[in-house]
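Below, chains carry the letters A, B, ... as their sequence lines are ordered, and counting in each starts from 1.
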Amino acid sequence: MPELPEVETIKGDLQETILGKKILKVYVNDPRVIREPAPLVFKKSLEGQAIKNILRRAKLLVFELSNGSFLTIHLKMTGQLVYPGGSKKSRVAFYLSGGKILDFNDDRLFGELRLVRDWKKLKFVQGLGPEPFDLTCADFKDMLSKRKTEIKPLLMDQKFISGIGNLYAAEILFRAKIHPKRSAQSLTAEEKEALYKEMKKVLNSAIKHGGSSVDDYVRVSGKPGDYVRYHQVYGRGGKPCFLCKNPVKKITQGGRGTYFCANCQN
DNA sequence: AATGGGACCTGCGCGC
DNA sequence: TGCGCGCAGGTCCCAT
């Protein structure tokens, strides 16, 4: 599940491999992933464009093209970008200058590709909350004080703060020793500060280790990210907590699985 | 504002 | 061996 660290890793990988290359041909093998414009227009408009820049906002990748338009890619759950590619299973194949192929793979077809004039005008982008690394601790504390909702779903709310998903919300809360069902505004000043610090630490460390390869996520090279070995709770239901040895619990919050240690997180 | 559910999808692991 | 089922979670959308 690509979250901020995975998408940031992919951005870096792409910058090292395909930045400046020209898109010669686009093969849309499954039109369902092309959200706008119509798949044939998407293909024809992209062909001939060079990739001038690659950005990330929240979990969205943005390619700036030579004619000033933007290709946006949201990997959602199972999307992958692989280079050099050439898989028969690719949903979209981009033939690049230099003779190699960039594959967009996506088993579950949740991914979304768009070609737009101005990516910042996308409704999804307009609704995004601040990037975790753009926030001061004071801002963050203030934002938390105004919300009564449970802290874990709130961390995953892209309108509140952008880039954190189910996996990193669990890991951050464990390290901050905060129970996932606590109301945001019930947190003490110390807890809010711990949450802010651990949020940045976890995200930075995950980026440094190339993200977490659970399920389908791989780096652009096809190799896994390394951060799974630092996971404390995610995916460890029933296994002993690394700190206190009590079994890690799994509950459902907002329809999503939440892993936590009921002894260490209060 | 908050909360809960369904929808979009497919691959996987489970029980039988 | 194979079948049916539930589950995985990012985002949108609707209902309450």
**Report entry** Whole-Å distance separating the NZ atom of A:Lys250 from the C1' atom of C:dG6
**Finding:** 11 Å
Query raised in the report: Below 4.0 angstrom from OP1 or OP2 of C:dA8, is there any side-chain N or O of A:Thr78?
Result: no
Query raised in the report: To the nearest angstrom, how far is A:Ile34 atom CD1 from B:dC8 atom C1'?
Result: 16 Å
Query raised in the report: Got a sec, which residues hit ring pair (Phe, Tyr, Trp, His ring centres under 6.0 Å) with A:Tyr230, two or more places apart in sequence or on another chain?
Result: A:His209, A:Tyr227
Query - Whole-Å distance separating the CG atom of A:Asp216 from the C1' atom of C:dC7 - result: 14 Å
Query - C:dC3 to B:dC9 separation - P atoms, rounded to the nearest Å - result: 24 Å
Query raised in the report: Is A:Lys22 atom NZ crowded by more than 12 heavy atoms from other residues, nucleotides or ligands, each under 6.0 Å away?
Result: no
Query - Rounded distance (Å) that lies between atom P of B:dC8 and atom CG of A:Asp106 - result: 16 Å
Requested in this report: Produce a footprint string for nucleotides 10-16 of chain C: one letter per nucleotide, 5' end first; B if the base is under 4.0 Å from any protein heavy atom, S if only the sugar-phosphate is, - if neither.
Outcome: BBSS---
Report task. Please test A:Tyr27 against A:Tyr95 for ring-ring contact (aromatic ring centres under 6.0 Å, His included), starting from the C-alpha separation and ending with a verdict. Result -> CA-CA 8 Å; A:Tyr27 291 90; A:Tyr95 283 64; 5.1 Å; yes
Report task. Please state how far atom CG in A:Leu75 lies from atom P in B:dT10, giving the value in whole angstrom units. Result -> 18 Å
Query raised in the report: When the distance from CG of A:Leu154 to C1' of B:dA1 is rounded to whole Å, what number comes out?
Result: 12 Å
Report task. Quick one: label A:Gly257 by what it contacts on the DNA or RNA (base, sugar-phosphate, nothing), any heavy atom closer than 4.0 Å. Result -> sugar-phosphate
Query - Whether A:Phe70 and A:Trp119 hold their rings parallel, tilted or perpendicular, with breakpoints at 30° and 60° - result: perpendicular
Query raised in the report: Does NZ belonging to A:Lys200 count more than 12 external heavy atoms closer than 6.0 Å?
Result: yes
Query - Ring centers of A:Tyr259, A:His231 separated by less than 6.0 Å - result: no
Query - Nearest-angstrom distance, P atom, C:dT1 to B:dT10 - result: 25 Å
Query raised in the report: How long is the line joining CD of A:Gln253 and C1' of C:dC7, in whole Å?
Result: 18 Å
Report summary line: Listed range with range, the stems formed with DNA chain B by at least 3 consecutive Watson-Crick or G-U pairs (under 3.5 Å) are B:2-8 with C:10-16, B:10-16 with C:2-8
Requested in this report: Could you go through the salt bridge (Lys or Arg N to Asp or Glu O under 4.0 Å) check for A:Glu190 and A:Lys192 one step at a time?
Outcome: CA-CA 5 Å; A:Glu190 291 74 25; A:Lys192 288 174 192 162; over 6 Å; no
Query raised in the report: Would the A:Phe260 and A:Phe174 ring centres measure less than 6.0 Å apart?
Result: no
**Report entry** Given A:Tyr234, A:Tyr168, A:Tyr217, the one that forms side-chain hydrogen bond (donor to acceptor under 3.5 Å, both in side chains) with A:Ser212
**Finding:** A:Tyr168
Report task. Select from A:Arg147 and A:Arg91 the residue whose nearest nucleotide in DNA chain B is closer to the 5' end of that strand. Result -> A:Arg147
Report task. Have a look at A:Phe160 and say if it touches a base, only the backbone sugar-phosphate, or nothing, with a 4.0 Å heavy-atom cut-off. Result -> nothing
Query - Distance, rounded to the nearest Å, where A:Leu155 contributes CG and B:dA2 contributes P - result: 14 Å
